[in-house]
Amino acid sequence: MSNDGKGQPRLLISVIDEDPLRARSDVRELLAEALQTDPAAFLCVPSAGPSVSTDKGGDVLEAVGLVLSAGSLAAACVQVWLAKVPQRTIVATRPDGATLRITGREAREDDERLERFLAEGSLPPGGSSAHGSPGQGGDTPATG
């Protein structure tokens, strides 16, 4: 993740959905809400590269992203937006490369999970944390 030009680290929120039209609609809805608290938020258009595999073995047709200021009130906006629909899934990527995959259902059950993830500086060795284990909605280090 890059900085926003003012020294603020940027956070990438990817909306994961097998229906690219629904993903784009969801991310535009999220952007509209995030702009109220983070005027510098913007859409991150997916590349034309190969699709990404999901934990369930299927391909995600498209991951549409939103970039916003890490640690801003916009992160709370993401949490509220996510919790509205249990089937929504996002992947939050911190500037240090750590990721958190979370669904709307999980956001409802633990309304501070995303906030705690964003507040953490980096992951402990092994890539797991108190929030869950890799592959089960927990924090995982980014792989490249």
Side-chain angles (χ1 to χ4, degrees), residues 1-56 58-124 127-132 134-144:
M1 267 312 86
S2 62
N3 288 341
D4 66 2
K6 298 178 186 175
Q8 286 276 349
R10 306 299 284 171
L11 173 72
L12 174 63
I13 303 293
S14 299
V15 175
I16 308 300
D17 198 312
E18 291 183 9
D19 180 346
L21 294 177
R22 186 172 47 222
R24 286 182 185 274
S25 174
D26 283 352
V27 81
R28 283 192 173 91
E29 177 186 328
L30 176 57
L31 176 62
E33 292 183 25
L35 283 172
Q36 295 175 18
T37 56
D38 184 2
F42 62 93
L43 290 177
C44 180
V45 179
S47 68
S51 60
V52 179
S53 257
T54 65
D55 292 341
K56 295 180 181 179
D59 286 338
V60 173
L61 300 178
E62 197 161 350
V64 182
L66 170 69
V67 180
L68 52 96
S69 299
S72 72
L73 291 176
C77 174
V78 171
Q79 180 78 12
V80 170
W81 173 85
L82 181 61
K84 288 179 185 177
V85 179
Q87 295 81 9
R88 284 182 175 153
T89 300
I90 65 164
V91 175
T93 305
R94 291 192 310 225
D96 66 2
T99 62
L100 171 70
R101 183 182 180 107
I102 185 170
T103 66
R105 184 176 330 281
E106 292 166 332
R108 284 182 180 182
E109 293 170 359
D110 186 353
D111 64 354
E112 295 176 356
R113 185 171 179 196
L114 183 60
E115 183 180 337
R116 286 192 312 263
F117 171 76
L118 296 177
E120 294 175 1
S122 62
L123 294 172
S128 63
S129 74
H131 309 318
Q136 297 180 347
D139 306 342
T140 58
T143 57

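Scope of the values below: all heavy atoms of this structure, side chains included, with no hydrogens, waters or symmetry mates.
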message = Distance alone, cut at 3.5 Å: any donor-acceptor contact between the side chains of Arg10 and Ser69?
response = yes

ask   = Any donor and acceptor pair, going by atom type alone, linking the side chain of Arg101 with main-chain N or O of Val91 inside 3.5 Å?
value = no

[X] and [Y]: which non-hydrogen atoms are nearest, and at how many Å?
{"X": "Ala92", "Y": "Ile13", "answer": "CB-CD1, 3.7 Å"}
{"X": "Arg108", "Y": "Ala83", "answer": "NE-O, 2.6 Å"}
{"X": "Thr103", "Y": "Pro86", "answer": "CB-O, 4.0 Å"}

Between atom [atom1] of [X] and atom [atom2] of [Y], what is the distance when rounded to the nearest 0.5 Å?
{"X": "Leu82", "Y": "Gln87", "atom1": "CG", "atom2": "CD", "value": "11.0 Å"}
{"X": "Arg94", "Y": "Leu100", "atom1": "CZ", "atom2": "CG", "value": "8.5 Å"}
{"X": "Leu35", "Y": "Leu30", "atom1": "CG", "atom2": "CG", "value": "9.5 Å"}

message = Counting C-beta onward and ignoring hydrogens, is there a side-chain heavy-atom pair between Leu118 and Leu114 closer than 4.5 Å?
response = yes

ask   = Does Arg88 reach the side chain of Val15, with side-chain heavy atoms less than 4.5 Å apart?
value = no

query = Which residues satisfy the side chain to side chain contact (heavy atoms under 4.5 Å, CB included) test with Glu33, sequence neighbours excluded?
reply = Glu29, Cys77, Trp81, Lys84

request  = Among Asp110, Asp111, Ile90, find the residue that satisfies the side chain to side chain contact (heavy atoms under 4.5 Å, CB included) test when tested with Gln79.
outcome  = Asp111

inquiry  = Using the side chain to side chain contact (heavy atoms under 4.5 Å, CB included) definition, which of the options Leu66, Val27, Leu12 pairs with Cys44?
reply    = Leu12

